[in-house]
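Only a predicted model underlies this, so the values are computations on that prediction, with no experimental measurement involved.
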Amino acid sequence: MKQIEKNPNFVDISTYPGVLIDLRYASVNNFMGINMYGPIYGSGRKVFLHKDAAIKLRKAIKLLKKEKPGWSFLVFDALRPRSVQWVMWDKVKDTPQRKYVANPAIGSPHNYGMALDIGLTDGQHGELDMGTGFDSFTPLAEPKWEKKYLKMGKLTKKQVTNRMILRRAMTGAGFLQLSHEWWHYNALPEPEIRKKYRIVE
């Protein structure tokens with residue numbers, strides 16, 4: 001990541017007030033069960049985002065602070081090199097979970113530094129309950145089914161409320177919610193990202 005640190009198009013968002021870092025792929029606490037970032041991110045203290053996406057994140061921080069003073073964003077992933085995307089793809093490409101991982105041949109918005117995997121903390125109880133954990137590759141994690149699962153009792157009102165607080169701050173700042181992951185937000189539509197920005201290998 002040394003070349004990214006020197007690149008003026010990318011910023012370290014771990015320094016932002018209102019942002020806490022829990023970089024899951026720099027640990028074993030992820031669906032792969034391995035540290036996929038290792039020497040790339042080291043301890044996971046620095047987390048990068050393209051400057052255009054970072055502008056929107058700063059706006060989202062202000063919106064969250066206005067609605068919920070004392071709350072913070074919890075960042076699970078941001079810029080993800082395509083080399084890591086290939087490792088993830090090889091794990092899921094022949095499984096039903098393949099729809100949850102972008103094919104690295106085209107690239108994920110993460111590979112451009114234009115996406116965030118993000119949750120919330122209220123500063124007192126740790127990570128807030130969203131009904132599933134991060135990288136829960138199940139329909140229960142999909143925003144489009146929230147009303148259905150709320151009615152069935154598989155999601156609680158509090159869990160859906162937490163998702164909505166996150167969604168209001170992020171979409172209010174101009175991010176786009178991914179339809180099948182409550183935690184994933186793109187800074188721009190995917191075709192626009194691929195047209196305007198360069199992938200990070």
Side-chain angles (χ1 to χ4, degrees), residues 1-14 21-42 44 46-57 75-119 132-145 167 170-171 173-201:
M1 278 297 174
K2 288 185 178 180
Q3 74 275 19
I4 295 299
E5 290 186 62
K6 296 176 182 177
N7 189 325
N9 288 321
F10 294 92
V11 296
D12 175 14
I13 62 171
S14 68
I21 303 299
D22 184 9
L23 199 61
R24 295 294 174 87
Y25 300 131
S27 73
V28 297
N29 185 18
N30 57 66
F31 79 100
M32 299 281 289
I34 59 173
N35 182 340
M36 287 179 277
Y37 283 153
I40 297 174
Y41 268 118
K46 289 186 177 182
V47 179
F48 296 95
L49 202 60
H50 193 282
K51 64 180 182 180
D52 294 347
I55 290 169
K56 294 185 176 185
L57 177 59
V75 174
F76 305 126
D77 201 24
L79 170 62
R80 177 195 307 154
R82 181 153 61 174
S83 58
V84 175
Q85 194 74 25
W86 279 111
V87 176
M88 296 170 68
W89 178 249
D90 287 341
K91 173 80 171 179
V92 303
K93 64 182 179 181
D94 296 320
T95 75
Q97 283 75 41
R98 63 180 293 163
K99 77 170 185 176
Y100 297 100
V101 176
N103 187 333
I106 5 175
S108 162
H110 281 290
N111 305 150
Y112 297 82
M114 292 294 289
L116 282 166
D117 290 337
I118 198 163
T132 76
F134 166 67
D135 265 4
S136 171
F137 296 153
T138 64
L140 200 62
E142 300 187 28
K144 64 183 178 181
W145 301 119
R167 195 169 300 149
M170 294 299 285
T171 59
F175 284 94
L176 306 172
Q177 165 85 72
L178 195 68
S179 64
H180 52 270
E181 295 173 354
W182 61 256
W183 56 83
H184 183 115
Y185 289 87
N186 292 332
L188 290 170
E190 291 189 25
E192 191 173 343
I193 291 171
R194 295 188 178 103
K195 184 177 179 180
K196 292 183 176 181
Y197 298 90
R198 293 185 65 182
I199 206 161
V200 175
E201 299 294 347

Quick check against the 3.5 Å criterion: does [X] have a side-chain atom that pairs as donor or acceptor with the backbone of [Y]?
X      : Y      : result
Asp77  : Asp117 : no
Asn186 : Pro189 : no
Lys56  : Ala187 : yes
Asn9   : His50  : no
Asn103 : Gly107 : no
Arg82  : Pro104 : yes
Glu181 : Tyr185 : no

Working to the nearest 0.5 angstrom, can you tell me the gap between Ile118 CD1 and Trp182 CH2? 10.0 Å

So how far is it from Ile193 CD1 to His110 NE2, rounded to the nearest 0.5 Å? 10.0 Å

Heavy atoms, side chains only, cut-off 4.5 Å: are [X] and [Y] in contact?
X      : Y      : result
Glu201 : Pro81  : no
Val200 : Phe10  : yes
Thr95  : Lys93  : no
Gln97  : Asp135 : no
Ile13  : Phe48  : no
Thr132 : Phe137 : no

For Arg194, check side chain to side chain donor-acceptor pair (under 3.5 Å) against everything at least two apart and list the hits. Glu190

Looking at residues at least two apart in the chain, or sitting in another chain, which of them share a side chain to side chain donor-acceptor pair (under 3.5 Å) with Thr138? Ser136

So, for [X] and [Y], which heavy atoms are closest and what is the spacing to 0.1 Å?
X      : Y      : result
Ala141 : Trp183 : CB-CZ3, 3.7 Å
Ala54  : Val11  : CB-CG2, 3.3 Å
Leu79  : Asn111 : CD1-O, 3.9 Å
Pro143 : Ser179 : CD-O, 3.1 Å
Trp89  : Val101 : CZ3-O, 3.2 Å
Ala78  : Leu116 : CB-CD2, 3.8 Å

side-chain contact (heavy atoms from CB on, under 4.5 Å) against [X], all qualifying residues, sequence neighbours excluded:
X      : value
Glu142 : Lys99, Tyr100, Pro139, Lys144, Trp145, His180
Ala102 : Gln85, Ser108
Val87  : Met32, Met36

What pairs with Tyr25 under ring pair (Phe, Tyr, Trp, His ring centres under 6.0 Å), at least two apart in sequence or on another chain? Phe134

Pair Lys91-Phe31, side-chain contact (heavy atoms from CB on, under 4.5 Å): steps then yes or no: CA-CA 10 Å; Lys91 173 80 171 179; Phe31 79 100; 4.0 Å; yes

Note: Asp52-Lys196 ion pair, threshold 4.0 Å (strictly below): no

Do you see a donor-acceptor pair shorter than 3.5 Å between the side chains of Asn29 and Ser27? no

Step by step, work out the side-chain contact (heavy atoms from CB on, under 4.5 Å) result for Phe175 and Leu188. CA-CA 7 Å; Phe175 284 94; Leu188 290 170; over 6 Å; no

For Glu5 and Lys46: C-alpha separation, side-chain torsions, deciding distance, then whether side-chain contact (heavy atoms from CB on, under 4.5 Å) applies. CA-CA 9 Å; Glu5 290 186 62; Lys46 289 186 177 182; 2.9 Å; yes

